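Worksheet for the structure shown next.
Note that these values count all heavy atoms, side chains included, but never hydrogens, waters or copies made by symmetry. The first residue in the sequence is number 1, and the count goes up from there. Remember, predicted model here, so these are calculated numbers, not experimental data. Ligands are counted one by one from 1 in listed order, and the atoms in each one are counted from 1 as well.
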Amino acid sequence: MLFPTYDDLQHRRARFTYGTAGSPTIEALAQAWTELSGAAGTVLTPSGLAAVTVALMSVVNAGDHLLVTDSAYRPTRQFCDGVLARFGVEIEYYDPLIGAGIVASLRANTRAVLVEAPGSQSFEMQDVPAIAEAVHARGGSVIMDNTWATPLLFPAHARGVDLVIEAGTKYLSGGSDLLLGLTTANAKHWPALRRTFDHFAMCAGPEDVFLGLRGLRTMALRLREHGQQALAMAEWLQARPEVLRVLHPALPDDPGHAIWKRDFSGASGLFGVILKPASAGAVAAMLDGLELFGMGFSWGGFESLVIPFDCKAYRTATSWEPGGPGLRFHIGLEDLDDLKADLDAGFARLRAAR
Ligand SMILES: *Cc1c(COP(=O)(O)O)cnc(C)c1O
(Lines give C-alpha, C1' and ligand atoms only; values in the text may rest on other atoms or scores of the structure.)
Protein backbone atom coordinates (compact mmCIF):
# COMPACT_ATOMS: atom_id res chain seq x y z
CA MET A 1 0.00 0.00 0.00
CA LEU A 2 1.65 3.18 -1.22
CA PHE A 3 1.09 6.85 -0.35
CA PRO A 4 1.06 9.33 -3.23
CA THR A 5 2.96 12.10 -1.40
CA TYR A 6 5.18 12.80 1.61
CA ASP A 7 2.37 14.71 3.22
CA ASP A 8 -0.11 11.86 2.72
CA LEU A 9 2.35 9.46 4.36
CA GLN A 10 3.01 11.74 7.33
CA HIS A 11 -0.72 12.00 7.98
CA ARG A 12 -1.48 8.35 7.08
CA ARG A 13 -3.90 9.77 4.54
CA ALA A 14 -5.06 6.66 2.67
CA ARG A 15 -8.02 4.33 2.94
CA PHE A 16 -5.67 1.39 3.52
CA THR A 17 -2.30 1.99 5.15
CA TYR A 18 -0.78 -1.40 5.86
CA GLY A 19 -1.60 -5.07 5.16
CA THR A 20 -2.27 -6.08 8.77
CA ALA A 21 -4.62 -3.13 9.27
CA GLY A 22 -7.11 -4.06 6.55
CA SER A 23 -7.87 -4.40 2.86
CA PRO A 24 -10.93 -3.88 0.65
CA THR A 25 -11.77 -7.61 0.87
CA ILE A 26 -11.47 -7.66 4.67
CA GLU A 27 -13.52 -4.51 4.97
CA ALA A 28 -16.28 -5.94 2.76
CA LEU A 29 -16.73 -9.06 4.89
CA ALA A 30 -16.28 -7.24 8.21
CA GLN A 31 -18.91 -4.64 7.28
CA ALA A 32 -21.40 -7.27 6.11
CA TRP A 33 -20.89 -9.34 9.27
CA THR A 34 -21.21 -6.26 11.49
CA GLU A 35 -24.54 -5.44 9.88
CA LEU A 36 -25.79 -9.04 10.06
CA SER A 37 -24.80 -9.24 13.73
CA GLY A 38 -26.19 -5.88 14.83
CA ALA A 39 -22.74 -5.00 16.14
CA ALA A 40 -20.52 -1.91 16.18
CA GLY A 41 -17.61 -3.65 14.48
CA THR A 42 -16.01 -6.95 13.42
CA VAL A 43 -12.43 -8.22 13.34
CA LEU A 44 -11.50 -11.16 11.10
CA THR A 45 -9.00 -13.65 12.49
CA PRO A 46 -7.13 -16.59 10.95
CA SER A 47 -9.23 -19.18 12.84
CA GLY A 48 -12.26 -19.47 15.09
CA LEU A 49 -10.02 -20.14 18.06
CA ALA A 50 -8.12 -16.91 17.34
CA ALA A 51 -11.49 -15.10 17.39
CA VAL A 52 -12.04 -16.50 20.90
CA THR A 53 -8.59 -15.53 22.15
CA VAL A 54 -8.68 -11.96 20.79
CA ALA A 55 -12.12 -11.44 22.38
CA LEU A 56 -10.85 -12.64 25.77
CA MET A 57 -7.60 -10.66 25.55
CA SER A 58 -9.53 -7.46 24.82
CA VAL A 59 -11.42 -7.73 28.12
CA VAL A 60 -9.49 -9.44 30.91
CA ASN A 61 -6.55 -8.06 32.90
CA ALA A 62 -4.17 -9.55 35.44
CA GLY A 63 -5.99 -10.02 38.73
CA ASP A 64 -9.41 -10.42 37.09
CA HIS A 65 -11.78 -13.31 37.67
CA LEU A 66 -13.21 -14.96 34.53
CA LEU A 67 -16.22 -17.29 34.60
CA VAL A 68 -16.30 -19.87 31.79
CA THR A 69 -19.14 -22.29 31.10
CA ASP A 70 -18.20 -25.92 31.72
CA SER A 71 -19.68 -26.65 28.27
CA ALA A 72 -17.22 -24.38 26.41
CA TYR A 73 -15.33 -25.52 23.31
CA ARG A 74 -12.39 -27.46 24.67
CA PRO A 75 -9.57 -25.40 23.05
CA THR A 76 -11.17 -22.30 24.63
CA ARG A 77 -10.67 -23.95 28.03
CA GLN A 78 -7.11 -24.82 27.08
CA PHE A 79 -6.39 -21.17 26.19
CA CYS A 80 -7.88 -19.98 29.49
CA ASP A 81 -5.97 -22.53 31.59
CA GLY A 82 -2.78 -22.47 29.53
CA VAL A 83 -2.39 -18.76 28.70
CA LEU A 84 -4.74 -16.48 30.65
CA ALA A 85 -3.94 -18.24 33.95
CA ARG A 86 -0.22 -17.65 33.32
CA PHE A 87 -0.92 -13.93 33.01
CA GLY A 88 -2.72 -13.77 36.34
CA VAL A 89 -6.36 -14.24 35.34
CA GLU A 90 -8.31 -16.48 37.70
CA ILE A 91 -10.43 -18.93 35.71
CA GLU A 92 -13.52 -20.53 37.22
CA TYR A 93 -15.82 -22.94 35.39
CA TYR A 94 -19.55 -22.88 36.08
CA ASP A 95 -22.59 -25.08 35.45
CA PRO A 96 -23.99 -24.20 31.99
CA LEU A 97 -27.55 -24.47 33.41
CA ILE A 98 -26.86 -21.81 36.07
CA GLY A 99 -29.02 -19.08 34.44
CA ALA A 100 -29.68 -16.07 36.68
CA GLY A 101 -28.01 -18.04 39.51
CA ILE A 102 -24.71 -16.82 38.04
CA VAL A 103 -25.11 -13.89 40.44
CA ALA A 104 -23.89 -16.09 43.32
CA SER A 105 -20.60 -16.70 41.44
CA LEU A 106 -19.91 -13.03 40.65
CA ARG A 107 -17.13 -11.42 42.66
CA ALA A 108 -15.92 -7.84 42.91
CA ASN A 109 -13.17 -8.67 40.38
CA THR A 110 -15.31 -10.73 37.95
CA ARG A 111 -14.50 -9.05 34.66
CA ALA A 112 -16.29 -11.33 32.21
CA VAL A 113 -18.45 -14.40 31.75
CA LEU A 114 -18.07 -16.67 28.74
CA VAL A 115 -21.18 -18.47 27.48
CA GLU A 116 -21.74 -20.96 24.69
CA ALA A 117 -25.13 -22.33 23.65
CA PRO A 118 -25.77 -25.04 22.91
CA GLY A 119 -22.72 -26.46 24.69
CA SER A 120 -19.84 -27.91 22.70
CA GLN A 121 -20.54 -31.66 22.38
CA SER A 122 -23.03 -31.67 25.29
CA PHE A 123 -25.68 -29.35 23.74
CA GLU A 124 -27.09 -27.79 26.92
CA MET A 125 -28.91 -24.53 26.32
CA GLN A 126 -27.95 -21.53 28.42
CA ASP A 127 -30.27 -18.73 29.52
CA VAL A 128 -28.12 -16.06 27.88
CA PRO A 129 -30.42 -13.04 28.52
CA ALA A 130 -30.68 -13.91 32.24
CA ILE A 131 -26.91 -14.34 32.55
CA ALA A 132 -26.28 -11.08 30.66
CA GLU A 133 -28.67 -9.14 32.89
CA ALA A 134 -27.01 -10.41 36.07
CA VAL A 135 -23.48 -9.79 34.78
CA HIS A 136 -24.23 -6.30 33.44
CA ALA A 137 -25.84 -5.28 36.74
CA ARG A 138 -22.41 -5.87 38.31
CA GLY A 139 -20.45 -4.13 35.55
CA GLY A 140 -19.06 -7.27 33.88
CA SER A 141 -18.92 -8.25 30.21
CA VAL A 142 -20.50 -11.22 28.43
CA ILE A 143 -18.62 -13.08 25.70
CA MET A 144 -20.34 -15.74 23.62
CA ASP A 145 -19.21 -18.40 21.19
CA ASN A 146 -22.16 -18.37 18.76
CA THR A 147 -20.71 -20.74 16.16
CA TRP A 148 -23.60 -23.25 16.33
CA ALA A 149 -26.37 -20.75 15.58
CA THR A 150 -24.61 -17.97 13.64
CA PRO A 151 -26.20 -14.48 13.86
CA LEU A 152 -28.99 -15.79 11.59
CA LEU A 153 -30.44 -18.15 14.22
CA PHE A 154 -29.40 -16.35 17.42
CA PRO A 155 -28.95 -12.56 17.43
CA ALA A 156 -26.52 -12.63 20.36
CA HIS A 157 -25.94 -8.87 20.63
CA ALA A 158 -29.70 -8.23 20.78
CA ARG A 159 -29.90 -10.82 23.57
CA GLY A 160 -27.38 -8.91 25.68
CA VAL A 161 -23.98 -10.31 24.65
CA ASP A 162 -21.09 -7.81 24.41
CA LEU A 163 -18.57 -9.78 22.34
CA VAL A 164 -19.62 -12.54 19.94
CA ILE A 165 -17.42 -15.16 18.33
CA GLU A 166 -18.10 -17.10 15.16
CA ALA A 167 -15.85 -19.80 13.73
CA GLY A 168 -16.27 -18.85 10.06
CA THR A 169 -14.49 -22.12 9.35
CA LYS A 170 -17.89 -23.77 9.85
CA TYR A 171 -21.11 -22.36 8.34
CA LEU A 172 -19.75 -19.19 6.78
CA SER A 173 -17.43 -21.36 4.73
CA GLY A 174 -19.80 -24.22 4.05
CA GLY A 175 -17.10 -25.82 1.94
CA SER A 176 -14.79 -27.29 4.59
CA ASP A 177 -11.98 -25.50 2.78
CA LEU A 178 -10.96 -22.47 4.84
CA LEU A 179 -10.01 -21.29 8.34
CA LEU A 180 -11.53 -18.03 9.55
CA GLY A 181 -12.81 -16.39 12.72
CA LEU A 182 -15.04 -13.38 13.30
CA THR A 183 -15.39 -11.43 16.53
CA THR A 184 -18.02 -8.72 16.82
CA ALA A 185 -18.37 -6.16 19.58
CA ASN A 186 -21.03 -3.71 20.66
CA ALA A 187 -20.16 0.00 20.80
CA LYS A 188 -18.82 -0.16 24.37
CA HIS A 189 -16.44 -3.05 23.62
CA TRP A 190 -15.43 -2.21 20.05
CA PRO A 191 -12.48 0.18 20.70
CA ALA A 192 -10.72 -2.33 23.00
CA LEU A 193 -11.38 -5.23 20.61
CA ARG A 194 -9.99 -3.31 17.63
CA ARG A 195 -6.95 -2.16 19.62
CA THR A 196 -6.19 -5.68 20.88
CA PHE A 197 -6.59 -7.10 17.38
CA ASP A 198 -4.14 -4.50 16.02
CA HIS A 199 -1.58 -5.25 18.75
CA PHE A 200 -1.60 -8.93 17.85
CA ALA A 201 -1.84 -8.36 14.06
CA MET A 202 -3.95 -11.49 14.11
CA CYS A 203 -5.24 -10.96 10.59
CA ALA A 204 -6.93 -13.48 8.31
CA GLY A 205 -5.52 -14.48 4.92
CA PRO A 206 -7.00 -12.84 1.80
CA GLU A 207 -8.06 -16.09 0.10
CA ASP A 208 -9.96 -17.26 3.20
CA VAL A 209 -11.67 -13.88 3.55
CA PHE A 210 -12.68 -13.94 -0.11
CA LEU A 211 -14.13 -17.44 0.31
CA GLY A 212 -15.94 -16.29 3.46
CA LEU A 213 -17.49 -13.42 1.54
CA ARG A 214 -18.65 -15.86 -1.11
CA GLY A 215 -20.02 -18.26 1.52
CA LEU A 216 -22.04 -15.46 3.10
CA ARG A 217 -24.23 -15.31 0.00
CA THR A 218 -25.55 -18.83 0.51
CA MET A 219 -25.25 -19.22 4.28
CA ALA A 220 -28.95 -18.67 5.01
CA LEU A 221 -30.03 -21.23 2.41
CA ARG A 222 -27.50 -23.82 3.55
CA LEU A 223 -28.35 -23.34 7.22
CA ARG A 224 -32.04 -23.89 6.53
CA GLU A 225 -31.26 -27.16 4.74
CA HIS A 226 -28.78 -28.35 7.41
CA GLY A 227 -31.34 -27.51 10.10
CA GLN A 228 -34.22 -29.39 8.46
CA GLN A 229 -32.10 -32.44 7.60
CA ALA A 230 -30.56 -32.59 11.08
CA LEU A 231 -33.91 -32.34 12.86
CA ALA A 232 -35.37 -35.09 10.67
CA MET A 233 -32.31 -37.23 11.40
CA ALA A 234 -32.51 -36.47 15.14
CA GLU A 235 -36.15 -37.64 15.18
CA TRP A 236 -35.21 -40.79 13.26
CA LEU A 237 -32.35 -41.51 15.66
CA GLN A 238 -34.60 -40.93 18.68
CA ALA A 239 -36.79 -43.83 17.52
CA ARG A 240 -33.84 -46.25 17.09
CA PRO A 241 -33.59 -49.06 19.66
CA GLU A 242 -29.78 -48.57 19.90
CA VAL A 243 -30.15 -44.94 21.01
CA LEU A 244 -30.61 -43.87 24.62
CA ARG A 245 -31.03 -40.14 24.10
CA VAL A 246 -30.67 -37.46 21.43
CA LEU A 247 -29.17 -34.09 22.44
CA HIS A 248 -30.88 -31.55 20.18
CA PRO A 249 -32.58 -28.43 21.56
CA ALA A 250 -35.24 -28.34 18.82
CA LEU A 251 -36.67 -31.69 20.01
CA PRO A 252 -39.69 -30.92 22.24
CA ASP A 253 -38.53 -33.24 25.04
CA ASP A 254 -34.99 -31.79 25.16
CA PRO A 255 -34.29 -30.12 28.54
CA GLY A 256 -33.19 -26.95 26.72
CA HIS A 257 -36.17 -26.79 24.36
CA ALA A 258 -38.07 -23.97 26.11
CA ILE A 259 -35.04 -21.66 26.11
CA TRP A 260 -34.20 -22.56 22.51
CA LYS A 261 -37.76 -21.82 21.40
CA ARG A 262 -37.82 -18.50 23.24
CA ASP A 263 -34.43 -17.19 22.06
CA PHE A 264 -33.49 -18.93 18.78
CA SER A 265 -35.18 -18.75 15.39
CA GLY A 266 -33.89 -22.14 14.18
CA ALA A 267 -31.40 -24.96 14.65
CA SER A 268 -28.30 -25.81 12.65
CA GLY A 269 -26.96 -29.20 11.62
CA LEU A 270 -24.97 -30.28 14.68
CA PHE A 271 -26.32 -32.44 17.52
CA GLY A 272 -25.41 -35.32 19.81
CA VAL A 273 -26.58 -38.85 20.46
CA ILE A 274 -26.05 -41.04 23.51
CA LEU A 275 -26.06 -44.71 22.56
CA LYS A 276 -27.23 -47.44 24.90
CA PRO A 277 -24.20 -49.02 26.58
CA ALA A 278 -21.89 -50.52 23.96
CA SER A 279 -18.19 -51.45 23.93
CA ALA A 280 -15.61 -49.27 22.21
CA GLY A 281 -15.17 -52.15 19.75
CA ALA A 282 -18.87 -52.11 18.85
CA VAL A 283 -18.83 -48.33 18.32
CA ALA A 284 -15.70 -48.72 16.17
CA ALA A 285 -17.46 -51.40 14.08
CA MET A 286 -20.35 -49.00 13.54
CA LEU A 287 -18.22 -45.99 12.59
CA ASP A 288 -15.44 -47.68 10.61
CA GLY A 289 -17.79 -49.03 7.97
CA LEU A 290 -19.72 -45.81 7.29
CA GLU A 291 -19.62 -44.79 3.64
CA LEU A 292 -21.18 -41.31 3.61
CA PHE A 293 -20.40 -40.06 7.11
CA GLY A 294 -16.79 -38.98 7.50
CA MET A 295 -14.97 -38.82 10.82
CA GLY A 296 -13.46 -35.43 11.52
CA PHE A 297 -13.68 -32.53 13.96
CA SER A 298 -14.41 -29.48 11.84
CA TRP A 299 -18.06 -29.27 10.83
CA GLY A 300 -20.42 -26.87 9.04
CA GLY A 301 -19.58 -27.97 5.51
CA PHE A 302 -21.60 -29.82 2.89
CA GLU A 303 -20.67 -33.26 4.20
CA SER A 304 -22.08 -35.35 7.03
CA LEU A 305 -19.71 -36.16 9.87
CA VAL A 306 -19.67 -38.19 13.05
CA ILE A 307 -17.20 -38.31 15.92
CA PRO A 308 -17.26 -40.11 19.27
CA PHE A 309 -17.09 -37.76 22.27
CA ASP A 310 -16.83 -37.95 26.05
CA CYS A 311 -17.09 -34.70 28.04
CA LYS A 312 -16.01 -36.53 31.20
CA ALA A 313 -12.39 -36.16 30.10
CA TYR A 314 -12.31 -32.41 30.74
CA ARG A 315 -15.33 -31.20 32.74
CA THR A 316 -14.53 -29.72 36.12
CA ALA A 317 -17.63 -27.88 37.42
CA THR A 318 -20.23 -30.50 36.54
CA SER A 319 -20.24 -34.26 36.08
CA TRP A 320 -20.92 -36.00 32.79
CA GLU A 321 -22.60 -39.39 33.22
CA PRO A 322 -24.72 -39.82 30.10
CA GLY A 323 -25.24 -43.59 30.46
CA GLY A 324 -23.59 -44.66 27.22
CA PRO A 325 -21.14 -43.68 24.49
CA GLY A 326 -21.62 -40.27 22.88
CA LEU A 327 -21.62 -39.55 19.15
CA ARG A 328 -21.69 -36.05 17.68
CA PHE A 329 -23.30 -35.75 14.27
CA HIS A 330 -23.13 -33.02 11.67
CA ILE A 331 -25.78 -33.52 9.01
CA GLY A 332 -24.67 -32.30 5.62
CA LEU A 333 -26.48 -31.70 2.35
CA GLU A 334 -26.53 -35.29 1.06
CA ASP A 335 -29.78 -37.17 0.40
CA LEU A 336 -31.41 -37.92 3.76
CA ASP A 337 -32.50 -41.45 2.82
CA ASP A 338 -28.94 -42.30 1.77
CA LEU A 339 -27.68 -41.01 5.13
CA LYS A 340 -30.25 -43.06 7.03
CA ALA A 341 -29.30 -46.20 5.07
CA ASP A 342 -25.63 -45.58 5.92
CA LEU A 343 -26.45 -45.33 9.64
CA ASP A 344 -28.88 -48.27 9.47
CA ALA A 345 -26.05 -50.49 8.22
CA GLY A 346 -23.82 -49.01 10.94
CA PHE A 347 -26.33 -49.94 13.64
CA ALA A 348 -26.45 -53.50 12.27
CA ARG A 349 -22.65 -53.70 12.69
CA LEU A 350 -22.97 -52.26 16.22
CA ARG A 351 -25.55 -54.91 17.18
CA ALA A 352 -23.48 -57.71 15.66
CA ALA A 353 -20.36 -56.62 17.59
CA ARG A 354 -22.16 -56.07 20.89
C1 LIG B 1 -14.61 -25.08 15.43
C2 LIG B 1 -15.00 -24.23 16.57
C3 LIG B 1 -14.18 -23.18 16.98
C4 LIG B 1 -12.82 -22.93 16.40
O5 LIG B 1 -12.77 -22.72 15.04
P6 LIG B 1 -11.40 -22.99 14.24
O7 LIG B 1 -11.53 -22.18 13.03
O8 LIG B 1 -11.39 -24.46 13.98
O9 LIG B 1 -10.29 -22.56 15.13
C10 LIG B 1 -14.61 -22.40 18.03
N11 LIG B 1 -15.77 -22.63 18.64
C12 LIG B 1 -16.59 -23.62 18.28
C13 LIG B 1 -17.88 -23.82 18.99
C14 LIG B 1 -16.23 -24.47 17.23
O15 LIG B 1 -17.02 -25.48 16.89
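Residue K170 has at least one N or O atom closer than 3.5 Å to an N or O atom of ligand 1.
Using a 4.0 Å cut-off between heavy atoms, L49 contacts ligand 1 through both its backbone and its side chain. Contact annotation: for F297 versus ligand 1, there are no heavy atoms closer than 4.0 Å.
Looking at atom 12 (C) of ligand 1, its nearest protein heavy atom turns out to be D145 OD2, 3.4 Å. The shortest contact between atom 8 (O) of ligand 1 and any protein heavy atom is with Y73 OH, 4.1 Å.
In the vicinity of E116, heavy-atom distances shorter than 4.0 Å reach the ligand 1 atoms 13 (C). Remark: ligand 1 atoms within the under-4.0 Å shell around heavy atoms of T169 are 6 (P), 7 (O). Residue W299 approaches ligand 1 through these ligand atoms, each under 4.0 Å from one of its heavy atoms: 15 (O). Here is the list of ligand 1 atoms found below 4.0 Å of a heavy atom in A167: 2 (C), 3 (C), 4 (C), 5 (O). Heavy-atom proximity to G48, at under 4.0 Å, picks out these atoms of ligand 1: 4 (C), 5 (O), 6 (P), 7 (O), 9 (O).
In this structure, W148 and H248 have perpendicular ring planes: the angle between them is above 60°, well past the 30° mark. The aromatic rings of F293 and F329 sit perpendicular to each other, their planes meeting at more than 60°, with 30° as the lower class boundary. Relative orientation of the W299 and Y171 rings is perpendicular, given thresholds of 30° and 60° on the angle between their planes.
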Side-chain donor-acceptor contacts of residues 345-354 below 3.5 Å, not counting sequence neighbours, with atom names and distances?
residue	atom	partner	partner atom	Å
R349	NE	A285	O	2.8
R349	NH2	M286	O	2.7
R351	NH1	E242	OE2	2.4

Begin from the C-alpha positions of V142 and H136 and carry the test side chain to side chain contact (heavy atoms under 4.5 Å, CB included) through to its verdict. CA-CA 8 Å; V142 180; H136 289 155; 4.0 Å; yes

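Heavy-atom neighbours of E133 CD from other residues, nucleotides or ligands within 6.0 Å: at or below the threshold of 12.
With respect to the salt-bridge test (charged N to carboxylate O, under 4.0 angstrom), the residues R13 and D7 qualify.
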